[in-house]
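Computed from a prediction, not measured in an experiment: that's the story for all the values here. All values below were derived from every heavy atom in this structure, side-chain atoms included, with hydrogens, water molecules and symmetry-related copies excluded.
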Amino acid sequence: MPYNPEIHHRKTIRLKSYDYSQAGAYFITICTKQKQCIFGDIKNGEMRFNALGSIADKYWQEIPEHFPNVALDTYTIMPNHLHGILWIIESPQRDNKNRKFGDIVIGSISIIVRSYKAIVTKKINKICNTKGLSVVWQGRYYEQIIRDEKALVNIRSYIVDNPLNWDIDEENPKIDQYQPDILLDLPF
């Protein structure tokens, strides 16, 4: 199907004039593809990782090793999504005068999330023997700029309480959960 701007466009939730590589706190939500519960289960209000959940957790914790200008705050990995707060401590040095639309901005939230999703996908695909096939994440993710202390406290509370509220969470597929065939043969 040829490109049709009437139907082939994405609406962005990003602020047009905001620099997503500038110092500050960002609330990130990343969902699995088709919101499949592939990272484990919630038992008694606690997330219990399976092997795939452990991979997602390990690489989230390693973000500051790869992006020294980033610090982690509260986060939780749920069966089919992740919530976390990332702090960009210092904006990367770059020449904004010569920057063009679409240029990759090193150290921006989009590059951090893209890198995280890529490594988790690579490691999970290796375990699942699905080389080159992305069965892990939805194409997009959500970010929210945390503007003040009150918002930060509320978001931290939401993240911490997320596993406790799983039984009433709209992301919880409860019964008849879709599980792709590729994940049914995993060795765990």
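Of the inter-residue distances, the one linking Met78 atom CE with Cys37 atom SG reads 9.0 Å to the nearest 0.5 angstrom. Expressed to the nearest 0.5 Å, how far CD of Glu143 lies from OG of Ser108 amounts to 9.5 Å. To the nearest 0.5 Å, the span separating CZ on Phe67 from CD1 on Ile89 amounts to 14.5 Å. Note that the CG atom of Asp169 and the CG atom of Asn80 stand 7.5 Å from one another [nearest 0.5 Å]. In this structure, CD1 on Ile112 lies 7.0 Å from CD1 on Ile63, to the nearest 0.5 angstrom. Separating the CG atom in Leu82 from the OH atom in Tyr116 is a distance of 5.0 Å, to the nearest 0.5 Å.
Heavy-atom minimum distance, Val70 versus Pro64: O-CB, 3.4 Å. Closest approach of Ala56 and Ile77 over heavy atoms only: C-CD1, 3.5 Å. Heavy atoms only, all atoms of each residue included: Met47 and Pro163 are closest at N-CB, 4.4 Å.
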Test side-chain contact (heavy atoms from CB on, under 4.5 Å) applied to Ile55 and Ile127, step by step: CA-CA 10 Å; Ile55 289 169; Ile127 287 175; 3.0 Å; yes
Criterion side-chain contact (heavy atoms from CB on, under 4.5 Å) on Leu152 and Ile85, from CA distance to verdict: CA-CA 9 Å; Leu152 179 61; Ile85 298 171; 3.9 Å; yes
Check against side-chain contact (heavy atoms from CB on, under 4.5 Å), Asp73 and Leu86: CA-CA 6 Å; Asp73 200 303; Leu86 296 176; over 6 Å; no
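Looking at heavy atoms from C-beta onward, Phe27 lies out of side-chain contact with Asn154 at the 4.5 angstrom threshold. Using a 4.5 Å heavy-atom cutoff, the side chains of Tyr26 and Ile145 are in contact. Between Asn162 and His81, some side-chain heavy-atom pair lies under the 4.5 Å cut-off. Taking 4.5 Å as the limit, some side-chain heavy atom of Thr29 sits within range of a side-chain heavy atom of His83. Between Cys31 and Arg140 there is no side-chain heavy-atom pair separated by less than 4.5 Å. Put simply, the side chain of Thr74 does not reach to within 4.5 Å of the side chain of Ile155, judged on heavy atoms. Residues Gln61 and Tyr75 form a side-chain contact, since some pair of their non-hydrogen atoms from C-beta on lies under 4.5 Å apart.
The backbone N or O of Lys33 lies less than 3.5 Å from a partner atom in the side chain of Gln36, making a donor-acceptor pair. In this structure a side-chain-to-backbone donor-acceptor pair under 3.5 Å is missing from Lys117 to Val136. The main-chain N or O of Arg48 is never found under 3.5 Å from a side-chain atom of Asp41 such that the two would form a donor-acceptor pair.
With hydrogens and angles left out, the side-chain atoms of Tyr158 and Asn165 include no donor and acceptor closer than 3.5 Å. With 3.5 Å as the limit, one finds no donor-acceptor pair spanning the side chains of Gln144 and Tyr142.
Hydrophobic clustering of Ile, Leu, Val, Met, Phe, Trp and Tyr side chains at less than 4.5 Å, counting indirect connections, keeps Val160 apart from Trp60. Trp87 and Val153 fall into different hydrophobic clusters, where Ile, Leu, Val, Met, Phe, Trp and Tyr side chains are chained together by heavy-atom contacts under 4.5 Å. Under a hydrophobic-cluster definition in which Ile, Leu, Val, Met, Phe, Trp and Tyr are linked whenever side-chain heavy atoms come within less than 4.5 Å, directly or via other members, Phe49 and Leu164 are assigned to different clusters.
Side-chain rings of Trp137 and Phe39 approach one another, their centers coming within less than 6.0 Å.
More than 12 heavy atoms of other shown residues, nucleotides or ligands fall within 6.0 angstrom of atom CG in Asp148.
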